[in-house]
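Quick caveat, the model's predicted, so the values are computed rather than measured.
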Amino acid sequence: MSIGIISAIKEEIEHVLEDLKESSRETIGSRDYFAGSLYDKEVVLNVSGWGKVASASAATAMIMRFGVDSVIFCGAGGAADPSLNIGDIIIGKNFVQHDIDAQPIFAKYQVSPLGISCFKMGPEFKKEPTFFAADPDLQKAAFKAAKNFVSKNLHDDIPTELLKQFNIKKPMILQGLIATGDQFIRNAEKIDELRRELPDLKCVEMEGAAVAQVCMYHSLPFACIRIISDKAEHSAKIDFEAFITHIASYYSRGIIRNLMTNGS
Ligand code: ADE
């Protein structure tokens, strides 16, 4: 049983890479894949690069070349739910590509010909939204891992001054809808529009739904863990960069370590 773990950028996963044992590196399509043992589980790690194409091709390489049995994406996300704060955690339940729009041929957000995300727009498309979905068991395991990390390890794993700097006390963990697109969302109008169109939306990011789609093609379990780095409005760039530089990788390591050691 091998697990593929992907992050978009090195800073999101570098502490996890440090913990990888007996690792071998293989370069495919200009990117490195590290196979090895992580907390006694067989894994393949990759830094995919930003966006849907990069992450989808990384997931495909993991599946086709390394034969991983499941894929986990872990990284930062921008808050869409106004109750969220920096340092909170989202475990993806469903995923929509917010920038796919082939109207009037297909409904907004529909990924043709899958019929996924068939939602909104006109009476002919009036049906319940269907989105890409996380594997329920892996999602549950990721949620449990995040809960354990927050309740048991947060204050040991992350330096106190960093928790203070980011005003992180007891992070909230939610499960729900994640919207993916090839855009870094950084203004109130855009995030408000997405909230209006997708009322259950928890967070925005740039890879989850693409990897979910690849995993669906291959009938493999997928889970996505997002740590809130910013609120997707005017200060998003500054907040994101600070979070990524100083703290993101502590979260990734803590949650993934719990996921690997408490069963998935
Ligand atoms: N990942 C982290 N923050 C983000 C944002 N504001 N937009 C898109 N992806 C993100």
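Leu154 places none of its side-chain heavy atoms less than 4.5 Å from the side chain of Lys170. Between Ile191 and Val204 the shortest side-chain heavy-atom distance falls below 4.5 Å. Between Lys93 and Leu177, every side-chain heavy-atom pair lies at or beyond the 4.5 Å cut-off. Side-chain contact between Leu194 and Asp192 is absent, with no heavy-atom pair separated by less than 4.5 Å. For the pair Val111/Val96, no side-chain contact is recorded, criterion being any heavy-atom separation below 4.5 Å from C-beta on. Residues Ile28 and Arg65 form a side-chain contact, since some pair of their non-hydrogen atoms from C-beta on lies under 4.5 Å apart. Side-chain contact between Gln97 and Phe132: present, with at least one pair of heavy atoms (C-beta onward) separated by less than 4.5 Å. With a 4.5 Å cut-off on side-chain heavy atoms, Met206 and Gln183 do not count as touching.
Listed for the Asp69 side chain is a donor-acceptor partner under 3.5 Å among the backbone atoms of Ser2. Checking side-chain atoms of Asp88 against main-chain N and O of Asn85 turns up a donor-acceptor pair under 3.5 Å. With hydrogens and angles disregarded, a donor-acceptor distance shorter than 3.5 Å links the side chain of Thr180 to the backbone of Ala209. Looking only at distances, no side-chain donor or acceptor of Ser219 sits under 3.5 Å from a matching main-chain atom of Cys215. Side chain of Ser23 to backbone of Leu20: no donor-acceptor contact under 3.5 angstrom is found. With hydrogens and angles disregarded, no donor-acceptor distance shorter than 3.5 Å links the side chain of Glu42 to the backbone of Ser37. Checking side-chain atoms of Arg195 against main-chain N and O of Asp81 turns up no donor-acceptor pair under 3.5 Å. Remark: the backbone N or O of Ala76 is paired with a side-chain donor or acceptor of Arg226 at under 3.5 angstrom. Looking at Asn258, its side chain does come within 3.5 Å of a backbone N or O of Gly254 through a donor-acceptor pair. With hydrogens and angles disregarded, no donor-acceptor distance shorter than 3.5 Å links the side chain of Ser7 to the backbone of Gly75.
A distance of 4.0 Å separates CD1 of Ile9 from CD of Glu12, quoted to the nearest 0.5 Å. Rounded to the nearest 0.5 Å, atoms CG (Leu84) and CD1 (Ile89) are 11.0 Å apart. The distance from atom OG of Ser55 to atom CD of Gln213, rounded to the nearest 0.5 Å, is 10.5 Å. Once rounded to the nearest 0.5 Å, the distance linking OH of Tyr251 with CD1 of Ile158 reads 5.0 Å. Between the OG1 atom in Thr261 and the CD1 atom in Ile256 there is a gap of 11.5 Å [rounded to 0.5 Å].
The neighbour count for Leu162 CG, taken as heavy atoms of other residues, nucleotides or ligands under 6.0 Å away, is above 12. By the neighbour-count criterion of 12 heavy atoms within 6.0 Å, atom NE2 of His218 is densely surrounded, having more than that number from other residues, nucleotides or ligands. More than 12 heavy atoms of other residues, nucleotides or ligands sit less than 6.0 Å from atom NZ of Lys52. Within a 6.0 Å radius of CE in Met64, no more than 12 heavy atoms belonging to other residues, nucleotides or ligands are found.
Contact check on Arg257 versus Asp157 returns a salt bridge, with a Lys/Arg side-chain nitrogen under 4.0 Å from an Asp/Glu carboxylate oxygen. Under a 4.0 Å N-O distance rule, the pair Lys140/Asp135 does not qualify as a salt bridge. Salt bridge absent: Arg253 and Glu14 never bring a charged side-chain N and a carboxylate O closer than 4.0 Å. Ion pairing between a basic and an acidic side chain is recognised when a charged N comes within 4.0 Å of a carboxylate O; Lys108 and Glu197 show such pairing. Using a 4.0 Å cut-off between charged nitrogen and carboxylate oxygen, Glu193 and Arg196 do not count as a salt-bridge pair.
Pairing each heavy atom of Glu205 with each of Cys224, the nearest pair is OE2-SG, 3.8 Å. Taking every heavy atom of both residues into account, Ser70 and Leu138 meet most closely at CB-CD2, 4.1 Å. Minimum heavy-atom separation, Leu198 to Ala179: CD1-CB, 4.3 Å. Of all non-hydrogen atoms in Glu11 and Ser249, the two that sit nearest each other are O-CB, 3.2 Å. Smallest separation of non-hydrogen atoms from Ala145 and Leu259: CB-N, 3.5 Å. Nearest heavy atom pair, residue Asp182 against residue Gly51, reads OD1-CA, 3.3 Å.
By the criterion of side-chain heavy atoms lying less than 4.5 angstrom apart, applied directly or through intervening Ile, Leu, Val, Met, Phe, Trp or Tyr residues, Met172 is grouped together with Ile90 in one hydrophobic cluster. Val68 and Tyr217 fall within the same hydrophobic cluster, defined by Ile, Leu, Val, Met, Phe, Trp and Tyr side-chain heavy atoms under 4.5 Å apart, directly or through other members. Tracing side-chain contacts under 4.5 Å through hydrophobic residues (I, L, V, M, F, W, Y), one reaches Ile5 starting from Phe149; they form part of the same cluster.
Under the rule for a ring-ring contact (aromatic ring centres under 6.0 Å, His included), the partners of Phe166 that lie at least two apart in sequence or sit in another chain are Phe243. With sequence neighbours left out, Ala58 forms a side-chain contact (heavy atoms from CB on, under 4.5 Å) with Ile6, Arg31, Tyr33, Asn46, Ser48.
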Item to check | Check against side-chain contact (heavy atoms from CB on, under 4.5 Å), Asp239 and Lys231 | outcome: CA-CA 8 Å; Asp239 293 342; Lys231 297 194 173 182; 5.7 Å; no
Checklist entry - Checking side-chain contact (heavy atoms from CB on, under 4.5 Å) for the pair Ser252/Ile227: CA distance, chi angles, key distance, verdict? => result CA-CA 8 Å; Ser252 306; Ile227 305 120; 4.2 Å; yes
Next on the checklist: For a ring pair (Phe, Tyr, Trp, His ring centres under 6.0 Å) check, start with the C-alpha distance between Phe131 and Tyr109, then their side-chain angles and the critical distance, and finish with the verdict.
Outcome noted: CA-CA 9 Å; Phe131 299 126; Tyr109 307 131; 7.7 Å; no
Next on the checklist: For a side-chain contact (heavy atoms from CB on, under 4.5 Å) check, start with the C-alpha distance between His155 and Leu163, then their side-chain angles and the critical distance, and finish with the verdict.
Outcome noted: CA-CA 8 Å; His155 294 275; Leu163 292 172; 3.5 Å; yes
Next on the checklist: Please determine whether side-chain contact (heavy atoms from CB on, under 4.5 Å) holds for the pair Lys237 and Asp230, giving the CA-CA distance in whole Å, both sets of side-chain angles, and the decisive distance to 0.1 Å.
Outcome noted: CA-CA 8 Å; Lys237 176 184 182 291; Asp230 59 84; over 6 Å; no
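For Phe73 and Phe222, the distance between ring centers is not under 6.0 angstrom. If you look at Phe184 and Phe240, their ring centroids are closer than 6.0 Å.
Side-chain atoms of Glu233 and Ser235 include a donor-acceptor pair closer than 3.5 Å.
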